[in-house]
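Following: one structure in structure tokens, then a few remarks.
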Amino acid sequence: MQRTSLFLALMALLAAPAMAQAQTEANVPASLFQSIGKKGGTLTLSLVSSPQSFNYFAVLDNNSYTVLNNVFDRLITLDPLTNKLYPDLAESWSMTPDGRTATLKLRKGVKWSDGQAFDADDVMFTLDDLASNTGLKANQSALFRIGKEPLKFTKVDQYTVKVTAPKPYGAMLQVLTFVPILPQHKLAKYNPVKDPDAFSKAWTTNTPLTDIVGTGPYVLSKYTVDQKVALVRNPYSWRRDPAGNVLPYMDKLEYLIIKSPDAQIASFRAGQLDSAPISGSQFPDLKRQELGGAKFRVIRGVGLNNPPVHLAFNQDARDANLKKAFSEVKFRQALAYAVNRPRIVDTVFNGLASNPGFGVAPVSEWFNPLTKTMLSEFDLKKAATRLDALGYRDTNGDGVRNFSGGGPNVEFSLLHAADSSIMPGIATIIQSDFGKIGIKVNLQGVTGSTVLPTAMAGNFEAALGSFGDQPDPQLRKDIWQPGGALNYWHRAAQPAHEGDTPNLSAMQPYEKQIYALFAQAEASGEQKKRKQWYDQWQLLFARNVPVIMIAKPDSVAAFQARIGNFYVKDNAVITSNYTMYEK
């Protein structure tokens, strides 16, 4: 598969202050277009649950983000085909040779959907008062620090912003792809720095939708609780296709709230949805229908960002025996042998998944190939032998092992998303196979939107989760660097207050090594060295299994045949809500 290396792109940006050129006609990635579309129509998609808020920085909620990503823009985005950095609200940028300062030139003439002009004040407000604000739930402050030292944002003029790091920062431009820019003229009055709680109550789902303005391709027009979120074309949309036509093509974008995966597919088959996420188990039947003449298409690719599934154990569990076992590397290694990846890939994903990496996607240039053979094979005998050696034996003769020393049964609950198309199946397989080696697992199925908040609060024993891979490991330091806000399986290592130094005394030796490797890679502009440090992290991850990586789903999608610019190229699924059109 031919991919432009993001690693080389960043090297070039750090080597000289060369400018990224703005587009003269199209100002969006050319890869989004299989053909030039036409204006008109309604694009209808689905959500599994109602958005919790229309305030991006107030909640951790994928349903909210799915909707709001149509309303707000970033400074820099990524080309979906190459994963190269691409201009968004920042039409160009330059980087100093020392890797410490990026200067961004903003697009002139961009307006918010209420007609107000967009400029550097909006960027400064978002970066300083929102993204760096540790008082807000969905802040990006961890990405805007090197250690404890924050990045500095400076307004140079009305359309120029400078970002300065205390040390070289190899992922500086990448982190800017994470942050949606929000309007100062609408939100500054809530004073997010002095009163984060009051700000978090702004732009709730009860807010008059005309108050919620963005620079993105669509604006909110109607919300019916638990039924539908409707958007219409932003009258001030600045995007253009290669022929100079205004984007988006569609007049309207609607999200139907359909909680059941089966109900989503039924709605898709009935023509009520233009596209639907599908599972591996649903793929063959839909593909057969397509080949039989159905008016829809089913496609498959390998995605960088498809979230791989992992199994995590609470190393701070309230039960002292579980806490000790889960904190023991050899215990986690033993259980890793009882995870039947081939069966999970075959039965749950119907073969449409592959082995994951250790925090980095195997298709990424950051992947360490030495880890490719380090996922434990499925071997119940080896798992049982290792548990025996650790002293976890069935001393009561009831088929369930006891904690070493003749303690109670080794038994724990497994938190998972009951409304997911894949998690219940994975949980059931794990429960069955762990039972065969004397480990009793009780399934705890909850609504998917509550899994991560429950885990982050420490109210679990074991959990199935999924975190997306990213083009640069730095963008996932909140997850994989011990002490990070999303490193929920070992919360004791987290700092007492966000922004403080993590609790190093609570870390195991390998965690301290990983913490140091991330810190080194963060504070360097030398991409070869960063690659070496991240390679070491992946090896430590593979050897110490802080979580057990299970499988990485393929990109699988279904869409109505009348929809254009939804296709596969170089094994990547290419689609965008603002470039899809009715043929």
Side-chain angles (χ1 to χ4, degrees), residues 1-20 76-79 81-86 93-104 142-147 149 151 163-178 302 304-305 356-374 468-482 484 510-544 570:
M1 178 171 58
Q2 294 295 318
R3 287 186 178 274
T4 302
S5 171
L6 177 61
F7 170 70
L8 294 175
L10 285 172
M11 283 284 287
L13 285 166
L14 292 172
M19 300 295 290
I76 301 172
T77 187
L78 295 174
D79 185 310
L81 181 63
T82 66
N83 288 307
K84 283 183 61 176
L85 297 168
Y86 196 91
W93 54 81
S94 63
M95 196 90 183
T96 54
D98 64 3
R100 290 187 53 215
T101 302
T103 301
L104 297 104
L143 297 177
F144 291 141
R145 291 194 308 267
I146 299 182
E149 298 181 77
L151 302 186
V163 184
T164 305
K167 302 174 183 177
Y169 189 18
M172 182 186 289
L173 295 171
Q174 282 286 346
V175 302
L176 295 176
T177 67
F178 254 40
V302 178
L304 176 67
N305 297 325
F358 293 93
V360 175
V363 298
S364 169
E365 58 268 19
W366 296 98
F367 178 68
N368 183 350
L370 295 178
T371 65
K372 204 164 188 176
T373 60
M374 295 179 70
D469 299 310
Q470 289 292 329
D472 191 304
Q474 176 64 22
L475 302 184
R476 281 294 182 247
K477 78 166 190 175
D478 256 6
I479 300 170
W480 303 121
Q481 186 181 36
Y510 85 91
E511 290 179 302
K512 292 180 181 178
Q513 288 179 271
I514 292 176
Y515 179 82
L517 288 168
F518 266 88
Q520 287 175 291
E522 175 181 78
S524 174
E526 296 186 52
Q527 303 304 319
K528 288 184 178 179
K529 286 186 176 180
R530 294 183 74 230
K531 176 70 166 65
Q532 292 169 0
W533 287 320
Y534 287 134
D535 279 351
Q536 292 177 51
W537 153 58
Q538 292 170 70
L539 287 170
L540 287 167
F541 189 152
R543 291 167 183 154
N544 293 278
D570 291 349

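- Taking CG of Leu517 as the reference point, atom CH2 of Trp533 lies at 9.0 Å (rounded to 0.5 Å).
- To the nearest 0.5 Å, the span separating CZ on Phe178 from CD on Gln474 amounts to 10.0 Å.
- In terms of heavy-atom proximity, Trp93 sits nearest to Tyr86 at CH2-C, 3.8 Å.
- Nearest heavy atom pair, residue Arg530 against residue Ser524, reads CD-O, 3.3 Å.
- Interatomic distance, CG of Leu475 versus CG of Leu143, reported as 6.0 Å (0.5 Å rounding).
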Any chance you could lay out the side chain to side chain contact (heavy atoms under 4.5 Å, CB included) test for Thr164 and Arg100, step after step, and finish with the verdict?
CA-CA 6 Å; Thr164 305; Arg100 290 187 53 215; 4.2 Å; yes
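- Within the 4.5 Å cutoff, the side chain of Pro168 has no heavy atoms near those of the Ile146 side chain.
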Derivation and outcome, side chain to side chain contact (heavy atoms under 4.5 Å, CB included), residues Leu173 and Met95
CA-CA 9 Å; Leu173 295 171; Met95 196 90 183; 4.1 Å; yes
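- In this structure, the ring pair (Phe, Tyr, Trp, His ring centres under 6.0 Å) partners of Phe144, at least two apart in sequence or on a different chain, are Phe153.
- Using a 4.5 Å heavy-atom threshold, the side chains of Gln470 and Gln174 count as separate.
- Of all non-hydrogen atoms in Ser364 and Pro471, the two that sit nearest each other are OG-O, 4.3 Å.
- Side-chain contact between Lys531 and Trp366 is present, with at least one heavy-atom pair separated by less than 4.5 Å.
- Put simply, CD on Gln481 and CH2 on Trp537 are 10.5 Å apart, with the number rounded to the nearest 0.5 Å.
- Taking Phe367 as the reference, nothing meets the ring pair (Phe, Tyr, Trp, His ring centres under 6.0 Å) condition, with sequence neighbours excluded.
- Heavy atoms only, all atoms of each residue included: Pro362 and Pro356 are closest at CG-C, 4.1 Å.
- Asp79 is linked by a salt bridge (Lys or Arg N to Asp or Glu O under 4.0 Å) to nothing, counting only residues two or more places apart in sequence or in another chain.
- With sequence neighbours left out, the ring pair (Phe, Tyr, Trp, His ring centres under 6.0 Å) criterion links Phe541 to Phe358, Trp480.
- For the atom pair CG of Leu104 and OG of Ser94, the computed distance is 8.0 Å after rounding to the nearest 0.5 Å.
- For Asn368, the side-chain contact (heavy atoms from CB on, under 4.5 Å) test picks out Leu370, Thr371, Asp535, Gln538, Leu539, with sequence neighbours left out.
- Residues meeting the salt bridge (Lys or Arg N to Asp or Glu O under 4.0 Å) test with Lys529, sequence neighbours left out: Glu526.
- Closest heavy-atom contact between Ala165 and Met172: CB-CE, 3.6 Å.
- Of all heavy-atom pairs spanning Leu78 and Asn83, the tightest one is CD2-O, 3.6 Å.
- Between Tyr534 and Asp472, the closest side-chain pair of non-hydrogen atoms falls below 4.5 Å.
- The structure places CD1 of Ile514 at 11.0 Å from CD of Gln536, a figure rounded to the nearest 0.5 Å.
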